Amino acid sequence: MNRLSLWMLRLILLAVLATTATAADFDYALKPRQIAEGTWVLLGRNEDFTFTNGGNIVNTAFVVTGAGVLVIDTGPSRLYGEQLRRAIAAITDESIVKALNTHHHPDHFLGNQAFPAQLISALPPAIRGIATEGRGFTDNLYRLSGDAMKGTEVVVPSQPIEPGEFSIGGHRFEAFSLDGHTASDLVIYDHTTGVLFAGDLVFNGRTPTTPHARIGRWLASLDRLDALAPRIVVPGHGEISELVGSNIGAISQTRNYLHWLESTLLRAAQRGLDMTEVMTLPLPPEVRGLAVIEPEFRRSVGHLYPAAEQDALAHPHQH
Ligand SMILES: [Zn+2]
């Protein structure tokens, strides 16, 4: 080997070392919590996306059925997905048989890369949403969550899921095709354990997000969820919620917030307030305790106020 090739070899080795020696990968410190037989959740923080939380503001879950693992949402990044897989492998030897995306928001599907593409499933409109809008969402999360997003790319689910019942191992599941948080919200009910995986139709302790919301549809979907009378609800964001009497706290809280948001915007529009005035309205005590209420309310005004103004024009006599 001549001097030049040796020199080249050293350069290549240095380059390899440099890539492997970069700062350790972001550690989400995922800790699955068992909430029912074979059923585990990984709760995210009730925050906005930040560099510190690496986008882990979302709940994911998995069910060990005896005939394979069902995963519900894959998290906000490739690294999250990989660490979720490791957390599952630390609990069970069963292989993953299905990974679902509840809807097309990035914190729920950007971990897809860590799972075999042929096992990733969602409702058809959500699949189309991920295919068309996924890239833009991903760019946005790179800006908001930094290093944790390293190497994350959109993987579009390949398996459309149909609403209806399906069984895996000892668990009888039912898939519901609902909407309101987005145009297509998948909900999974496990008849075997009474656990309802509600996706972002339900928030708990955190202000609901509304970039693609239709509040009337969302409220109708909440009625459907209440009617199931699930034993435990796993919301898309926030602590799990249990059935007490006939009430599920997180569902009532989400419903109350949406009612408040809808009526606040309509009344503001009837008074002729402009968008900036609405954004600075004082927040009443019943919503002030929700995490990230101020920025989330301002964003919701941006998303929903133009339609509220249209409504006010159509119904000028309601005061
Ligand atoms: Zn969402």
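Note that the structure is a prediction, hence the values are computed from the model and not measured. Hydrogens, waters and symmetry mates play no part in the numbers below; they use all other heavy atoms, side chains included. All residue numbers refer to positions in the sequence shown, counting from 1.
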A.B. asks: Grab the two heavy atoms, one from S300 and one from P208, that are nearest each other, plus how far apart they are.
C.D. replies: OG-O, 4.5 Å
A.B. asks: Count the heavy atoms of every other residue, nucleotide or ligand shown that sit under 6.0 Å from CG of D27, and state whether that count exceeds 12.
C.D. replies: yes
A.B. asks: Which pair of non-hydrogen atoms, one from L266 and one from A312, has the smallest distance, and what is that distance?
C.D. replies: CD1-N, 3.9 Å
A.B. asks: Report whether L290 and I251 are members of the same hydrophobic cluster (ILVMFWY, side-chain heavy atoms less than 4.5 Å apart, transitive linking).
C.D. replies: yes
A.B. asks: Do the non-hydrogen side-chain atoms of F173 and V63 ever get within less than 4.5 Å of each other?
C.D. replies: yes
A.B. asks: Take N112 and T74 through the test side-chain hydrogen bond (donor to acceptor under 3.5 Å, both in side chains) and record every step on the way to the result.
C.D. replies: CA-CA 6 Å; N112 283 1; T74 60; 2.7 Å; yes
A.B. asks: What's the verdict on side-chain contact (heavy atoms from CB on, under 4.5 Å) for M279 and T276, showing C-alpha distance, side-chain angles and the deciding distance?
C.D. replies: CA-CA 5 Å; M279 286 181 183; T276 338; 5.5 Å; no
A.B. asks: Taking only Lys NZ, Arg NE, NH1 and NH2, and the carboxylate oxygens of Asp or Glu, determine whether D139 and R135 approach each other closer than 4.0 Å.
C.D. replies: yes
A.B. asks: So which atom in T193 and which in H171 form the shortest heavy-atom distance, rounded to 0.1 Å?
C.D. replies: CG2-CE1, 3.7 Å
A.B. asks: Using side-chain contact (heavy atoms from CB on, under 4.5 Å), reason through R85 and F115 one step at a time and then give a plain yes or no.
C.D. replies: CA-CA 8 Å; R85 276 201 78 156; F115 297 87; 3.5 Å; yes
A.B. asks: Do any N or O atoms from the side chain of S241 and from the backbone of A250 form a donor-acceptor pair under 3.5 angstrom?
C.D. replies: yes
A.B. asks: Quick check: do F51 and F26 have side-chain heavy atoms less than 4.5 Å from each other?
C.D. replies: no
A.B. asks: Taking all atoms of both residues into account, what is the closest heavy-atom pair of A213 and L304, and its distance?
C.D. replies: O-CD2, 3.9 Å
A.B. asks: Can you measure from CG (L265) to CD1 (I215) and round to the nearest 0.5 angstrom?
C.D. replies: 7.0 Å
A.B. asks: Side chains of V195 and P230: does their closest heavy-atom pair fall under 4.5 Å?
C.D. replies: no
A.B. asks: So, the side chain of Q83 versus the backbone of Y28: is there a donor-acceptor pair under 3.5 Å, distance only?
C.D. replies: yes
A.B. asks: Decide side-chain contact (heavy atoms from CB on, under 4.5 Å) for L261 and T210; before the verdict, give the C-alpha distance in whole Å, the side-chain angles of both, and the deciding distance to 0.1 Å.
C.D. replies: CA-CA 10 Å; L261 181 63; T210 60; 4.1 Å; yes
A.B. asks: Given the rule that I, L, V, M, F, W and Y join up when any side-chain heavy atoms are under 4.5 Å apart, are V187 and L219 in one cluster?
C.D. replies: yes
A.B. asks: Within a 6.0 Å radius of atom CD on Q118, are there more than 12 heavy atoms belonging to other residues, nucleotides or ligands?
C.D. replies: yes
A.B. asks: Can you tell me how far CD of E94 sits from CD1 of I168, rounded to the nearest 0.5 angstrom?
C.D. replies: 10.5 Å
A.B. asks: Taking only residues two or more places apart in sequence or in another chain, which ones pass side chain to side chain contact (heavy atoms under 4.5 Å, CB included) with P32?
C.D. replies: W40, L42, F62, A87, I91
A.B. asks: Looking at I57 and D48, what are the two nearest heavy atoms and their distance?
C.D. replies: CG2-O, 3.6 Å
A.B. asks: Just checking R45: does its CZ atom have more than 12 heavy atoms from other residues, nucleotides or ligands closer to it than 6.0 angstrom?
C.D. replies: no
A.B. asks: Heavy-atom count check: over 12 atoms from other residues, nucleotides or ligands less than 6.0 Å from E286 CD?
C.D. replies: yes
A.B. asks: Decide salt bridge (charged side-chain N to carboxylate O under 4.0 Å, His left out) for R172 and D190; before the verdict, give the C-alpha distance in whole Å, the side-chain angles of both, and the deciding distance to 0.1 Å.
C.D. replies: CA-CA 6 Å; R172 185 166 64 91; D190 185 343; over 6 Å; no
A.B. asks: May I ask you to decide if the ring planes of F203 and W218 are parallel, tilted or perpendicular, using 30° and 60° as cut-offs?
C.D. replies: tilted
A.B. asks: As an exercise, state the distance from OG1 of T102 to CD1 of I161, rounded to the nearest 0.5 Å.
C.D. replies: 11.0 Å
A.B. asks: Can you find a heavy atom in the side chain of L196 that is under 4.5 Å from one in the side chain of L228?
C.D. replies: yes
A.B. asks: Determine whether D107 and F49 satisfy the following criterion, side-chain contact (heavy atoms from CB on, under 4.5 Å), listing intermediate values before the conclusion.
C.D. replies: CA-CA 9 Å; D107 43 335; F49 296 108; 3.9 Å; yes
A.B. asks: When you check the side-chain N and O atoms of E47 and N53, is any donor under 3.5 Å from an acceptor?
C.D. replies: yes
A.B. asks: Shortest non-hydrogen contact from L273 to E277?
C.D. replies: CA-OE1, 3.3 Å
A.B. asks: Could you tell me whether the side chain of Y80 reaches within less than 4.5 Å of the side chain of T60, counting heavy atoms only?
C.D. replies: yes
A.B. asks: Just by modelled atom types, is the Q159 backbone N or O under 3.5 Å from a matching donor or acceptor in the S121 side chain?
C.D. replies: yes
A.B. asks: If you measure from CG on N101 to CD1 on I127, what distance do you get to the nearest 0.5 Å?
C.D. replies: 8.5 Å
A.B. asks: Going from CG on D200 to OG1 on T182, what distance comes out if it is rounded to the nearest 0.5 angstrom?
C.D. replies: 8.5 Å
A.B. asks: Is the H212-H104 ring centre distance short of 6.0 angstrom?
C.D. replies: yes
A.B. asks: Taking a hydrophobic cluster as the set of Ile, Leu, Val, Met, Phe, Trp and Tyr residues connected by side-chain heavy atoms closer than 4.5 Å, whether directly or through intermediates, do F176 and V71 fall within one such cluster?
C.D. replies: no
A.B. asks: Using a 4.5 Å cut-off on heavy atoms from C-beta on, say whether the side chain of L43 contacts that of R33.
C.D. replies: yes
A.B. asks: Do the numbers put K98 on top of the ring of F166, so that NZ or CZ is under 6.0 Å from the six-membered ring centre and no more than 45° off the axis?
C.D. replies: yes
A.B. asks: I'd like to know if R299 pairs up with E296 as an ion pair, taking the criterion as any Lys NZ or Arg NE/NH1/NH2 lying under 4.0 Å from an Asp or Glu carboxylate oxygen.
C.D. replies: yes
A.B. asks: Do the side chain of Q113 and the main chain of E153 share a donor and acceptor less than 3.5 angstrom apart?
C.D. replies: yes
A.B. asks: More than 12 foreign heavy atoms under 6.0 Å from CD of E294: is that the case here?
C.D. replies: no
A.B. asks: Indicate yes or no: at least one non-hydrogen side-chain atom of P106 is less than 4.5 angstrom from one of N140.
C.D. replies: no
A.B. asks: For the aromatic rings, using the six-membered ring if either is Trp, is the centroid distance between H259 and Y257 under 6.0 Å?
C.D. replies: no
A.B. asks: Under 30°, 30 to 60°, or over 60°: which ring-plane class applies to H108 and H237, parallel, tilted or perpendicular?
C.D. replies: perpendicular
A.B. asks: Just checking R217: does its CZ atom have more than 12 heavy atoms from other residues, nucleotides or ligands closer to it than 6.0 angstrom?
C.D. replies: no
A.B. asks: To the closest 0.5 Å, what do you measure between CD (E309) and CG (D274)?
C.D. replies: 8.5 Å
A.B. asks: Tell me, please, which residues at least two apart from S221 pass side chain to side chain contact (heavy atoms under 4.5 Å, CB included).
C.D. replies: L178, D179, L201
A.B. asks: If hydrophobic clusters are built from ILVMFWY residues whose side chains come within less than 4.5 Å, do V156 and L100 share one?
C.D. replies: no
A.B. asks: Would a distance-only check, ignoring hydrogens and angles, find a side-chain to backbone donor-acceptor pair under 3.5 Å from T92 to I88?
C.D. replies: no
A.B. asks: Do the side chains of R78 and E82 get close enough for a salt bridge, i.e. N-O under 4.0 angstrom?
C.D. replies: yes
A.B. asks: Does a side-chain heavy-atom distance below 4.5 Å link V41 with N59?
C.D. replies: no
A.B. asks: Where the side chain of T39 meets the backbone of I35, is there a donor-acceptor pair that is under 3.5 Å apart?
C.D. replies: no
A.B. asks: Hey, quick one: are I130 and I188 part of the same hydrophobic cluster, counting side-chain heavy atoms closer than 4.5 Å, chains of contacts allowed?
C.D. replies: no
